[in-house]
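We use all heavy atoms of the structure for the numbers below, so side chains are in, but hydrogens, waters and symmetry mates are not.
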Amino acid sequence: MDYLSVIKQPVQAELADFIELFNRSLSHEDGMLGSALEHIRRRAGKRMRPMLILLMAKSFGHVTDVTLNAAVGLELLHTASLVHDDVVDESGERRGQASVNATYDNKVAVLVGDYILSTALLHVSFTHSEEIVRYLAELGRTLSDGEILQLSNIGRRDISEEVYYEVIRRKTAALFEACAGIGVLSAGVTGEAFGKACAFGSNLGMIFQIRDDIFDYYDSPEIGKPTGNDMLEGKLTLPAIYAVNNGGDSAMLELAYKVKEQSVTQDEIDTLVEYTKSHGGIEYAERRMEELRLKCMEYIENAVSDEGIKRALTAYIDFVIERNN
C-alpha cells in the first residue's frame with residue numbers, strides 16, 4: 001500500500017503551500033549562508049511532521065496562514081536541532097548526504113543552525129498566537145533537555161525502561177506531540193480536545209522512536225548506519241534493555257554495562273545484538289508499539305469525523321510502524 005499517497009491526499013494543496021513557504025524561509029542571497037541553506041533544502045525528507053500538523057488542523061477546521069507559519073516554525077526548529085546535533089555527534093552524514101559540519105566546518109554549522117532557529121522564531125511570530133509561540137519555545141527546551149538527559153544516561157550503571165521512555169518522550173515524542181497540538185491550536189481547539197490531540201501525538205512519537213531504535217539491530221544501507229551504531233555511541237535502546245533485564249545472563253548484563261561505559265568492542269556489540277534478537281527484545285519492542293498504536297487508533301475513532309483524514313491518520317500510523325528508513 002502506498003501509505004504516503006493516502007496521508008497526503010486530504011492536504012495536497014496545503015502541503016504545496018507549506019513547501020513553498022518553507023523553501024522561501026531557507027533561501028538567502030549571501031554566498032556561504034545561501035549555499036549552506038540550499039544544501040539543507042536538498043535533504044527535504046518525507047515531510048512527516050508538517051503533514052501531521054496540516055492533517056490535525058484540517059480535522060478540526062481549516063489550514064490557515066497561522067497553521068502554515070506554525071508548521072514552518074516547527075520544522076525549522078527541528079532542522080536547526082539536527083544541524084546542531086550533527087556537530088555534537090561529529091556526524092559526517094545526514095539522510096545519505098554530507099552533513100553541514102562535514103561540508104563546511106563546525107563553526108559554520110553552529111552559526112547556520114542559529115540562523116535557522118532565528119528564522120523559526122520569526123515564522124512563529126507571524127502566527128500572532130501567544131499560545132503557539134509559548135508551545136514552540138517550550139518544545140525547543142524539551143528537545144534540548146532530552147538530548148542532555150540521553151548524554152547524562154551514558155555511563156550510568158542502571159539499565160531502566162523508565163529512563164529510556166523518559167528520554168524518547170523528551171527528544172522525539174515531544175516533537176510529534178507539538179505537531180498534533182499546534183495543528184489543532186491553529187484551528188482554534190483548546191481545553192480537553194487539545195489535551196487529547198497532544199496525547200495522540202506523543203503516543204505516535206513514541207512509536208516512531210521505538211521503530212527507529214529497532215533499525216539499529218539490523219544492517220541497513222537505507223538508513224545509513226551499521227548494526228549496533230547506537231551501542232557504539234553508548235546508548236542502550238528498548239530491545240536490549242528488555243533482553244538483558246529479563247534474559248538472566250550476567251555476562252550479557254556486563255556487556256550492556258560496557259556499552260554504557262563506551263568501552264565495548266565491535267565483536268561484543270555484535271554478540272549483544274544477536275543475544276537481544278534471540279531473547280525476545282525485538283518482539284517486546286514491537287508489542288509496545290502495538291499497545292501505543294491501539295491508543296492512537298482509539299483517538300482517531302473518537303475524535304476525527306472526516307473519513308479522508310481518518311484514513312490518512314491511520315495510514316500515517318501504519319507507515320511509521322512499517323517503514324524501512
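- Listed by chain and residue number, nothing satisfies the ring-ring contact (aromatic ring centres under 6.0 Å, His included) test with Tyr257 (two or more places apart in sequence, or in another chain).
- For the 3.5 Å distance criterion, the side chains of Ser160 and Glu162 qualify, holding a donor opposite an acceptor.
- A search for side-chain hydrogen bond (donor to acceptor under 3.5 Å, both in side chains) contacts involving Asp267 returns nothing, not counting sequence neighbours.
- Residue Lys171 holds its NZ atom at 13.0 Å from CD1 of Ile148, rounded to the nearest 0.5 Å.
- Lys58 places no side-chain N or O within donor-acceptor distance of the main-chain N or O of Val63, the cut-off being under 3.5 Å.
- In this structure, Leu139 and Leu175 have side chains that are in contact, with non-hydrogen atoms separated by less than 4.5 Å.
- In this structure, Arg49 and Ile53 have side chains that are not in contact, with every pair of non-hydrogen atoms separated by 4.5 Å or more.
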Next on the checklist: Test salt bridge (Lys or Arg N to Asp or Glu O under 4.0 Å) on Arg24 and Glu20; report intermediate values, then the result.
Outcome noted: CA-CA 6 Å; Arg24 214 183 313 142; Glu20 183 184 351; 3.6 Å; yes
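- Atom-to-atom distance recorded for Ile19:CD1 and Phe22:CZ is 10.0 Å, nearest 0.5 angstrom.
- Both tests hold for Arg323 against Phe208: distance to the six-membered ring centre under 6.0 Å, angle to the ring axis within 45°.
- In this structure, the separation between CG on Leu185 and OG on Ser129 is 6.5 Å, given to the nearest 0.5 Å.
- Remark: Tyr316 pairs with no residue by the ring-ring contact (aromatic ring centres under 6.0 Å, His included) rule, at least two apart or across chains.
- A donor-acceptor pair is defined here as one N or O able to donate and one able to accept, closer than 3.5 Å; no such pair exists between the side chain of Lys8 and the backbone of Met51.
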Next on the checklist: With side chain to side chain contact (heavy atoms under 4.5 Å, CB included) as the criterion, how do Glu286 and Ile214 come out once you've worked through the C-alpha distance, each side chain's angles and the decisive distance to 0.1 Å?
Outcome noted: CA-CA 9 Å; Glu286 288 173 342; Ile214 291 173; 4.1 Å; yes
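- The backbone N or O of Ala199 lies less than 3.5 Å from no partner atom in the side chain of Ser202, so there is not a single donor-acceptor pair.
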Next on the checklist: Checking Lys235 against Asn153 for the side chain to side chain contact (heavy atoms under 4.5 Å, CB included) test, could you report, in this order, the C-alpha distance in whole Å, the side-chain angles of both residues, the deciding distance, and whether it holds?
Outcome noted: CA-CA 8 Å; Lys235 302 169 192 171; Asn153 189 43; over 6 Å; no
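- Applying the side-chain hydrogen bond (donor to acceptor under 3.5 Å, both in side chains) test to Thr172 and every residue at least two apart in sequence or in another chain returns Gln209.
- Here Arg134 does not pair with Glu131 in a salt bridge; the nearest charged N to carboxylate O distance is not below 4.0 Å.
- Side-chain contact between Leu52 and Leu204 is present, with at least one heavy-atom pair separated by less than 4.5 Å.
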Next on the checklist: Using the rule given for side chain to side chain contact (heavy atoms under 4.5 Å, CB included), can you reason through Val124 versus Asn69, listing the C-alpha separation, both sets of side-chain angles and the distance that settles it, and then say yes or no?
Outcome noted: CA-CA 6 Å; Val124 177; Asn69 277 298; over 6 Å; no
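- For Tyr164 and Asp213, the side-chain atoms include at least one donor-acceptor pair closer than 3.5 Å.
- Glu14 approaches Leu68 most closely through the heavy-atom pair O-CD2, 3.8 Å.
- Both Leu232 and Val259 are part of a single hydrophobic cluster, where members link through side-chain heavy atoms under 4.5 Å apart.
- Between Arg141 and Glu138 there is a salt bridge, since at least one side-chain N of the basic residue sits less than 4.0 Å from a carboxylate O of the acidic one.
- When the shell of 6.0 Å around CG of Asn245 is examined, it contains more than 12 heavy atoms from other residues, nucleotides or ligands.
- By the criterion of side-chain heavy atoms lying less than 4.5 angstrom apart, applied directly or through intervening Ile, Leu, Val, Met, Phe, Trp or Tyr residues, Val163 is not grouped with Ile154; the two fall into different hydrophobic clusters.
- Taking the side chain as every heavy atom from C-beta outward, Ser144 and Glu147 never approach each other to under 4.5 Å.
- Classified by interplanar angle (parallel below 30°, tilted 30° to 60°, perpendicular above 60°), the ring pair Phe319/Tyr3 is perpendicular.
- Ile207 has its side chain within reach of Cys296: a pair of non-hydrogen atoms, C-beta onward, lies under 4.5 Å apart.
- For the pair Pro50 and Phe18, the tightest heavy-atom approach, listed with the atom from each and the gap, is CG-CZ, 3.3 Å.
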Next on the checklist: Quick one, Cys179 with Leu74, criterion side chain to side chain contact (heavy atoms under 4.5 Å, CB included). Give me CA distance, side-chain angles, the key distance, then yes/no.
Outcome noted: CA-CA 8 Å; Cys179 289; Leu74 185 143; 3.8 Å; yes
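- With respect to Glu291 and Lys295, no salt bridge is recorded, no charged nitrogen being found less than 4.0 Å from a carboxylate O.
- In terms of hydrophobic clustering, with Ile, Leu, Val, Met, Phe, Trp and Tyr side chains grouped at heavy-atom distances under 4.5 Å, Leu121 and Val112 are assigned to different clusters.
- By the 4.0 Å N-to-carboxylate-O rule, Arg293 lies close enough to Glu290 to be salt-bridged with it.
- When all heavy atoms of Arg170 and Gly146 are compared, the pair lying nearest together is CB-CA, 3.6 Å.
- Counting heavy-atom neighbours within 6.0 Å of Lys196 NZ, excluding the residue itself, gives a total of 12 or less.
- The structure places CG of Leu149 at 11.5 Å from OG1 of Thr142, a figure rounded to the nearest 0.5 Å.
- Side chains of Ile300 and Phe200 form a contact here, defined as non-hydrogen atoms less than 4.5 Å apart.
- Hydrophobic cluster membership is shared by Ile132 and Leu21, with clusters built from Ile, Leu, Val, Met, Phe, Trp and Tyr side chains linked at under 4.5 angstrom.
- Residues Val110 and Asp114 have side chains in contact (heavy-atom distance under 4.5 Å, counting atoms from C-beta outward).
- Salt bridge annotation for Glu254-Lys258: absent, with no cationic side-chain nitrogen under 4.0 angstrom from a carboxylate oxygen.
- Residues Ile309 and Phe60 are members of one and the same hydrophobic cluster, defined by side-chain heavy-atom contacts under 4.5 angstrom among Ile, Leu, Val, Met, Phe, Trp and Tyr.
- Inspection of the Tyr217 and Thr237 side chains reveals an N or O donor paired with an N or O acceptor under 3.5 Å.
- Gly281 and Tyr242 make their closest contact through CA-CD2, 4.0 Å (heavy atoms, listed as atom of the first residue, atom of the second, distance).
- His279 places none of its side-chain heavy atoms less than 4.5 Å from the side chain of Asn246.
- Hydrophobic cluster membership of Leu122, counting Ile, Leu, Val, Met, Phe, Trp and Tyr whose side-chain heavy atoms lie under 4.5 Å apart directly or via other members: Phe126.
- Here NZ of Lys277 is found 10.5 Å from CD of Glu283. Values are rounded to the nearest 0.5 Å.
- When the ring-ring contact (aromatic ring centres under 6.0 Å, His included) test is applied to His62, no partner is found at least two apart in sequence or on another chain.
- A donor-acceptor contact shorter than 3.5 Å is absent between the side chain of Asn203 and the backbone of Leu292.
- Here the closest non-hydrogen pair linking Tyr275 and Gly248 is OH-N, 4.1 Å.
- Between Ala240 and Met231 the shortest heavy-atom distance is CB-CE, 4.0 Å.
- For Glu322, the CD atom is densely surrounded, since the number of other residues' heavy atoms within 6.0 Å is greater than 12.
- Atom NZ in Lys310 sits 14.5 Å away from atom CG in Leu55 (nearest 0.5 Å).
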